[in-house]
Amino acid sequence: MSHRGDINSSSQNTYSDVFDAVRRIPYGRVSTYGDIARLIGRPRAARVVGYAMHRCPPGLPWHRVINAQGRISLPADSTAGLSQRRRLEEEGVVLIGGRVDLDRFGWPDAD
DNA sequence: CGGTTGACTTTCG
DNA sequence: GCGAAAGCCAACC
């Protein structure tokens, strides 16, 4: 914490929090924008999560983030959309009818 | 400083 | 189960 009101090491930046949460998603698992938003303490900021995804830094497993419907938010015909689906299947995530069973691959576990 | 923008979510028909 | 409409929040310009 600096004397000035600059950014604390605890992020406090929605973007950093979002990126950190996404990095916490285990391999072969997926999370939704709403869940990520909730994890960072902003249950209503799901849209902001998507916004952050568009600005995601390299190395971020952004492909593990999908919408609440278990569906890829990106257009199915888009390069990024196809790439995301391929990466998910590559990690063992099964897509049925273009959808992911959040009850099985969703994270964190509902339990 | 303020209106516009979204890789969203939930509710209703 | 699916499509349309409204709600919500932070970043962007």
Side-chain angles (χ1 to χ4, degrees):
Chain A
M1 323 89 139
S2 309
H3 315 251
R4 293 186 296 128
D6 66 350
I7 322 169
N8 293 331
S9 32
S10 306
S11 309
Q12 199 160 15
N13 290 355
T14 310
Y15 272 38
S16 300
D17 288 346
V18 170
F19 298 146
D20 187 49
V22 174
R23 291 189 186 108
R24 279 155 65 180
I25 304 175
Y27 182 94
R29 290 291 194 92
V30 296
S31 187
T32 69
Y33 300 94
D35 286 344
I36 297 294
R38 200 171 308 177
L39 287 174
I40 67 176
R42 283 161 177 76
R44 311 289 166 182
R47 304 186 74 155
V48 180
V49 176
Y51 209 108
M53 289 285 88
H54 207 258
R55 299 271 141 182
C56 67
L60 189 81
W62 60 271
H63 57 272
R64 296 181 190 151
V65 184
I66 59 180
N67 62 32
Q69 297 180 348
R71 195 90 164 78
I72 295 174
S73 297
L74 295 165
D77 63 325
S78 68
T79 309
L82 293 170
S83 186
Q84 180 172 18
R85 183 180 58 126
R86 193 182 70 189
R87 285 181 187 171
L88 287 176
E89 291 183 324
E90 196 174 56
E91 294 190 356
V93 178
V94 180
L95 286 92
I96 304 174
R99 286 197 210 149
V100 177
D101 187 353
L102 295 176
D103 291 327
R104 274 179 54 78
F105 301 101
W107 181 89
D109 269 347
D111 202 77

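Everything quoted here is computed from the prediction, not taken from an experiment. Note on naming: letters A, B, ... go to the chains in the order of the sequence lines (proteins, then strands), and numbering restarts at 1 for each one.
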| field | hydrophobic_cluster_shared for A/L82 and A/L88, side chain cutoff 4.5 Å | value | no
| request: Give me the residues of residues 80-100 of chain A where at least one heavy atom lies under 4.0 Å from an atom of DNA chain B, by number, or none. | output: none
| field | Shortest non-hydrogen contact from A/R29 toward A/D109 | value | NH1-OD1, 3.3 Å
Identify all side-chain donor-acceptor contacts of residues 64-76 of chain A below 3.5 Å with residues at least two apart in sequence or on another chain.
from	atom 1	to	atom 2	distance (Å)
A/R64	NE	A/E91	OE1	3.0
A/R64	NE	A/E91	OE2	3.2
A/R64	NH1	A/I25	O	2.8
A/R64	NH2	A/E91	OE2	3.1
A/N67	OD1	A/Q69	N	3.0
A/N67	OD1	A/G70	N	3.3
A/N67	OD1	A/R71	N	2.8
A/N67	ND2	A/R71	O	2.9
A/N67	ND2	A/S73	OG	3.4
A/R71	NH1	A/G98	O	3.2

| field | Test item: A/M53 and A/L60 side chains (from C-beta on) under 4.5 Å apart, heavy atoms | value | yes
| request: Applying salt bridge (charged side-chain N to carboxylate O under 4.0 Å, His left out), name anything that partners A/E89, two or more places apart in sequence or on another chain. | output: none
| said: Reading DNA chain C from 5' to 3', where do the contacts with chain A start and stop? Cut-off is 4.0 Å to heavy atoms. | reply: C/dC2 to C/dC12
Sequence neighbours left out, cut at 3.5 Å: what donor-acceptor pairs do the side chains of residues 34-47 of chain A make with other protein atoms?
from	atom 1	to	atom 2	distance (Å)
A/D35	OD2	A/T32	OG1	3.2
A/R42	NH1	A/I40	O	3.3

| Please, which pairs that meet salt bridge (charged side-chain N to carboxylate O under 4.0 Å, His left out) have at least one residue in residues 49-60 of chain A, sequence neighbours excluded? | none
Got a list of protein N/O to nucleotides 9-11 of chain B N/O distances below 3.5 Å?
from	atom 1	to	atom 2	distance (Å)
B/dT9	OP1	A/G34	N	3.3
B/dT9	OP1	A/A68	N	3.0
B/dT9	OP2	A/A68	N	2.9

Report all interatomic pairs (protein N or O, nucleotide N or O of nucleotides 4-6 of chain B) with separations under 3.5 Å.
from	atom 1	to	atom 2	distance (Å)
B/dG6	N7	A/R47	NH2	3.1

| message | According to ring-ring contact (aromatic ring centres under 6.0 Å, His included), does anything in residues 12-65 of chain A pair up with another residue at least two apart or in another chain? List the pairs. | response | A/Y15-A/F19
| Considering residues at least two apart in sequence or located in another chain, which fulfil the side-chain contact (heavy atoms from CB on, under 4.5 Å) criterion with A/R24? | A/D20, A/W107
| task | May I ask you to check whether over 12 heavy atoms, not counting those of A/R104, lie within 6.0 Å of atom CZ? | result | no
